[in-house]
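What follows is a set of notes on a single structure, which appears directly below.
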Amino acid sequence: MNWRNVFTIAKKDWIEVRQNRYAWIPMLILPFLFVVILPLVFTLVMPGLNVDPWDVLEADADIRFFMERMPDSLARYIDLQKPMESMIVVMLGFMFAPMFLILPLMYFTTIAAESFAGERERKTIEALLYTPASDADLLSGKVAAAAVPSILITWLGFVVYTLILNLVPYHLFHRLWFPLPTWWPLIFWITPALVVLGIALTVIISARVQNFLGAYQTSASVVLLVVVLFAGQVSGVLYLSVEVELVLGAIIWLIALVLGIFAVRTFNRGALLAGKK
Amino acid sequence: MDEIINCRRLAFRYGEVYALHDFSFQVNGGEVVALLGPNGAGKTTSIRVLNGLLQSESGTCTVMGLNPSCDGAKIRARSGVLTETPALYERLTARQNLAFFGALSGLSPLDVERRAKQLLGMFKLEQRANDRVDSFSKGMKQRLALARALLHEPEILFLDEPTSDLDPEAARQVQDLILEISNLKERTVVLCTHHLFEAEQLCDRVAVMSNGHVTAAGTLDELRAQVIPFIRVIFRLANPVQSEWLKAFSVMGGVTDVRLLEAQTFELILKDERPVPAVVELLVKKGVGIQAVEPRKASLEEIYLRLQQNHEEVHA
């Protein structure tokens with residue numbers, strides 16, 4: 001593997017995404033909503049409006065169900081004597097946790113689909129294939145182009161989220177309460193696994209579809225996993241405790257590994273070109 | 001001269017359809033060779049196979065002494081390819097495009113900078129070097145793509161339909177650049193095209209392709225001798241042509257046919273130019289004023305069309 005080639009390919013893809021505001025502006029809006037706006041609504045706006053936290057926690061049947069069936073390992077982070085704190089912990093500490101996985105998903109589906117299928121659609125792939133760079137260089141460069149920003153931006157979002165959740169409601173908590181232990185495996189174990197799984201899927205799909213949209217839509221189906229986690233947690237069927245997350249991450253890594261090996265084996269110049277005919 | 005490309009009976013197929021079949025092709029070092037053929041003849045596929053992008057399923061091939069099936073990367077490091085579409089990154093600038101491909105070709109950043117400056121100047125793009133490619137005209141994009149193909153100073157240059165989709169002025173500019181490159185005789189050039197005039201003007205040798213294989217190859221004179229083995233000589237006279245003169249010419253040695261074209265113009269179909277002085281002498285003896293004698297060799301277009309026709313007849 002030639003690391004200079006890998007970096008050159010990844011850097012080119014990053015410049016291309018940066019130059020395409022229609023790609024990166026939507027990629028900023030959703031994270032801004034999740035990482036900044038929603039936390040501020042719960043930590044700044046709602047306490048300021050004198051909303052009764054029990055109205056939020058008990059009005060919705062799903063949240064009530066979630067609270068009633070919550071295992072002790074999670075329940076110990078909630079002090080029901082402090083309703084406003086409880087609401088913030090339940091909503092921002094537990095309920096939104098699976099939704100945080102949408103961040104890497106947004107990035108890798110957009111960048112990877114653009115990087116693989118987009119190049120074929122714009123017919124730039126052929127010039128790239130005529131360079132002396134090996135198949136491994138091409139694949140690694142394109143995987144790095146999608147994986148590195150997806151993971152780094154998710155981690156950066158996590159840092160901002162942590163700062164907001166600790167600093168803004170400090171007058172309520174009087175301590176640094178976030179991240180809860182469940183967030184560590186979510187961010188550093190499940191997120192990279194999900195990114196690798198999604199990119200492997202995109203590589204496989206991109207060799208079979210003709211355009212960016214086809215690859216984007218198919219690889220974005222990984223969002224179903226996030227929806228299942230969210231629904232599972234809300235319905236009280238699956239609580240994302242540390243143990244559950246470790247097992248879930250291991251399963252995603254295993255699937256990602258199998259798909260990754262398949263993607264590496266099927267990625268070659270001949271397949272990319274022959275697929276065009 | 002050393003043989004730089006030598007392919008024998010290559011075959012390649014996309015699924016069930018053979019794109020190359022019994023494809024044999026030779027090119028000597030320093031030559032400019034045209035690969036002529038209609039769309040779908042296999043020209044682009046042959047470039048892909050020669051550069052190791054696609055693996056042939058049978059036959060043998062060497063490019064610069066290397067086997068494309070296992071030494072593709074080494075071949076691509078020493079070859080440059082102008083693809084059918086410019087295949088440039090439109091959101092990047094001209095300079096960024098060259099820097100990207102230069103780095104992947106193994107050039108150092110200093111060499112990339114030096115070569116980019118040199119080629120952007122040579123191709124009259126230096127004023128637009130820092131502009132995004134999506135603001136370029138088709139002709140400018142094609143010139144930049146040609147600069148990209150030459151960036152790493154390849155020993156062999158493959159040009160795949162370099163003037164298709166260009167307006168006549170842009171096509172002329174690209175043809176002039178190709179002529180300039182080929183006149184330098186620094187590198188071997190393989191030009192895939194279906195523009196016969198372009199091939200006739202730019203190339204030392206021609207290989208005609210049909211249905212995935214080369215049906216004829218050689219210099220224009222060799223192909224002419226092989227496909228249309230006669231020349232036409234047109235005589236324009238000051239007096240009306242007499243039918244007895246035509247009868248006399250038709251029985252002369254080396255004359256295949258005689259045709260009256262207009263009242264004062266006739267043509268002879270000859271095996272070669274040797275009977276011409278005798279015909280002129282005969283006309284002069286008869287006191288006929290000769291305004292012009294115009295030998296017309298078969299053009300590449302005539303040769304090409306005859307070859308395609310022959311091929312279709314054989315397959316019919």
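Fair warning: this is a prediction, and the values are worked out from it, not measured in the lab. We name chains A, B, ... by the order of the sequence lines, and we start the count at 1 in each one.
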### Message
For a 4.5 angstrom cut-off between non-hydrogen side-chain atoms, does B:Leu35 reach B:Phe25?
### Response
yes

### Over all atoms of both residues, closest heavy-atom pair of B:Ile75 and B:Pro68
CD1-CA, 3.5 Å

### Task
Taking the side chain as every heavy atom from C-beta outward, state whether B:Leu50 and B:Cys7 have any atom pair closer than 4.5 Å.
yes

### Query
Just wondering, more than 12 heavy atoms not from B:Arg9 lying within 6.0 Å of its CZ?
no

### Message
Taking side chain as everything from C-beta outward and backbone as N, CA, C, O, which of these in A:Thr8 sits under 4.5 Å from a heavy atom of chain B? Side chain, backbone, both or neither.
### Response
both

## Note on the structure
Residues A:Gly157 and A:Val35: closest non-hydrogen pair is O-CG1, 3.4 Å

### Query
Where does the angle between the aromatic ring planes of A:Trp183 and A:Phe158 fall among parallel (under 30°), tilted (30 to 60°) and perpendicular (over 60°)?
parallel

### Task
Using a heavy-atom cutoff of under 4.5 Å, enumerate the residues of residues 12-19 of chain A that contact chain B, numbered in order, or state 'none'.
A:Lys12, A:Ile15, A:Glu16, A:Gln19

### Task
Indicate yes or no: at least one non-hydrogen side-chain atom of B:Ser79 is less than 4.5 angstrom from one of B:Asn51.
yes

### Query
With a 4.5 Å heavy-atom cut-off, do B:Lys124 and B:Gln173 have their side chains touching?
no

### Query
Which bit of B:Ile47 comes within less than 4.5 Å of chain A, counting heavy atoms only: side chain, backbone, both or neither?
both

### Query
For the ring pair A:Phe178 and A:Tyr161, is the centre-to-centre distance below 6.0 Å?
yes

### Message
Checking an interface table here. Which of residues 130-162 of chain B come within a heavy-atom distance under 4.5 Å of chain A?
### Response
B:Arg132, B:Arg148

### Task
Return each pair, listed once, that meets side-chain hydrogen bond (donor to acceptor under 3.5 Å, both in side chains) where at least one residue sits in residues 65-75 of chain B; pairs must be two or more places apart or across chains.
none

### Query
Should the pair B:Glu84-A:Lys123 be classified as a salt bridge under the 4.0 Å nitrogen-to-oxygen rule?
no

### Message
If the contact rule is any heavy atom under 4.5 Å from chain A, which residues of residues 89-115 of chain B qualify, in numerical order?
### Response
B:Tyr89, B:Arg91, B:Leu92, B:Gln96, B:Phe100, B:Phe101, B:Ala103, B:Leu104, B:Ser105, B:Gly106, B:Leu107, B:Ser108, B:Pro109

### Summary
Heavy atoms of A:Arg269 and A:Asp135 approach each other most closely as NH1-OD1, 2.6 Å

### Heavy-atom side-chain contact between A:Pro149 and A:Ile111 under 4.5 Å
yes

### Query
Below 4.5 Å, heavy atoms only, C-beta onward: do A:Phe100 and A:Thr154 meet side chain to side chain?
yes

